[in-house]
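Each remark here refers to the structure printed beneath this line.
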Amino acid sequence: MALAHGLDTWWPREFSWSGGSLVGIAMEPWLNGHCYEVGPGGFRCDWGRVITWDPPMRVRFSWQIGADRTPLPDSRQATEVDIGCSPDMEGGTFVKLVHEGFEVHGSHGDDYREAMRSAWVRALADLAASVEGTPWR
């Protein structure tokens, strides 16, 4: 599943905590695996956990990043991202992404949801460009 195994090849650097100094970003490909990034000097920042691992059909993970882009160590503040993939009738892949649970951010939840909607559009476009011409698997 290019979405998880190749996260480092398509995730927009400016959407990371480390920004332009991002060394790497990854998702451990198993249930309860960590989602993390590595910044300068090898500093590792965990930002989520894999909740569902069913490649190539589905991955669901917690999103423990606040509206101000800082990591949230308390999992009760996490939103969740659910991404499902299936072959479409034209030989491509249909991707459905649902990012939900923004009410945990209180009065900032609606603004955060809208910001993430724009961010996901960009990130998914970068994912599509990175796998263009790759058969569904």
field: Within-4.5 Å side-chain heavy-atom neighbours: Val95 and Ile83
entry: yes

query: Among the clusters formed by ILVMFWY side chains lying less than 4.5 Å apart, do Leu124 and Val59 turn up in the same one?
result: yes

- prompt: Roughly how far, to the nearest 0.5 Å, is CD of Gln64 from CG of Leu72?
  reply: 7.0 Å

4.5 Å side-chain heavy-atom contact, Val50 and Met27: yes

- prompt: Any side-chain heavy atom of Val38 sitting closer than 4.5 Å to one from Phe43?
  reply: no

- prompt: Is any side-chain heavy atom of Ile65 closer than 4.5 Å to a side-chain heavy atom of Phe15?
  reply: no

- prompt: Does Asp68 have any side-chain hydrogen bond (donor to acceptor under 3.5 Å, both in side chains) partners at least two apart in sequence or in another chain, and if so, which?
  reply: Thr70

- prompt: What is the distance from atom CZ of Phe61 to atom OG1 of Thr52, rounded to the nearest 0.5 Å?
  reply: 11.0 Å

query: Are Arg44 and Glu37 within salt-bridge range, i.e. N to O under 4.0 Å?
result: no

query: What about the rings of Phe102 and Trp63, do their centers lie closer together than 6.0 Å?
result: no

message: Counting C-beta onward and ignoring hydrogens, is there a side-chain heavy-atom pair between Phe94 and Pro87 closer than 4.5 Å?
response: no

field: Trp120-Val104 co-clustered via ILVMFWY side chain contacts under 4.5 Å
entry: no

message: Between Tyr36 and Trp17, is the ring pair (Phe, Tyr, Trp, His ring centres under 6.0 Å) condition met? List the steps.
response: CA-CA 10 Å; Tyr36 64 93; Trp17 189 64; over 10 Å; no

message: Check for me, please, whether Leu97 and Trp47 land in the same ILVMFWY cluster - side-chain distances under 4.5 Å, paths through other members count.
response: yes

message: Taking Arg58's backbone N and O only, do any of them form a donor-acceptor pair with Asp54's side chain (distance below 3.5 Å, no angle check)?
response: no

Gap between atom OG1 of Thr79 and atom NE2 of His105 - 0.5 Å precision: 5.0 Å

task: Taking Asp126 for its side chain and Trp11 for its backbone only, find out whether a donor-acceptor pair lies under 3.5 Å.
output: no

message: Distance check, rounded to the nearest 0.5 Å: Glu80 atom CD versus Arg60 atom CZ?
response: 4.0 Å

message: Any heavy-atom pair between the side chains of Pro71 and Cys45 that's under 4.5 Å?
response: yes

Taking every non-hydrogen atom, the tightest pair across Ser16 and Arg69: O-NH2, 2.8 Å

message: Would the distance check show the side chain of Ser18 and the main-chain N or O of Ser21 forming a donor-acceptor pair, the cut-off being under 3.5 Å?
response: no

Nearest atoms (heavy-atom pairs only) where Ser130 meets Leu127: OG-O, 2.8 Å

message: Treating Arg122 as the side-chain partner and Pro12 as the backbone partner, does any N or O pair qualify as donor plus acceptor under 3.5 Å?
response: no

Approximate separation, where rounding is to 0.5 Å, of Leu7 CG and Cys35 SG: 8.0 Å

Atom pair CG/CD of Asp82 and Glu100 - distance to nearest 0.5 Å: 7.0 Å

query: Does Arg49 reach the main-chain N or O of Asn32 with its side chain, forming a donor-acceptor pair under 3.5 Å?
result: yes

message: Around atom CD of Glu14, are there more than 12 heavy atoms from other residues, nucleotides or ligands closer than 6.0 Å?
response: yes

- prompt: Can you tell if the side chain of Asp88 reaches within under 4.5 Å of the side chain of Thr93, non-hydrogen atoms only?
  reply: no

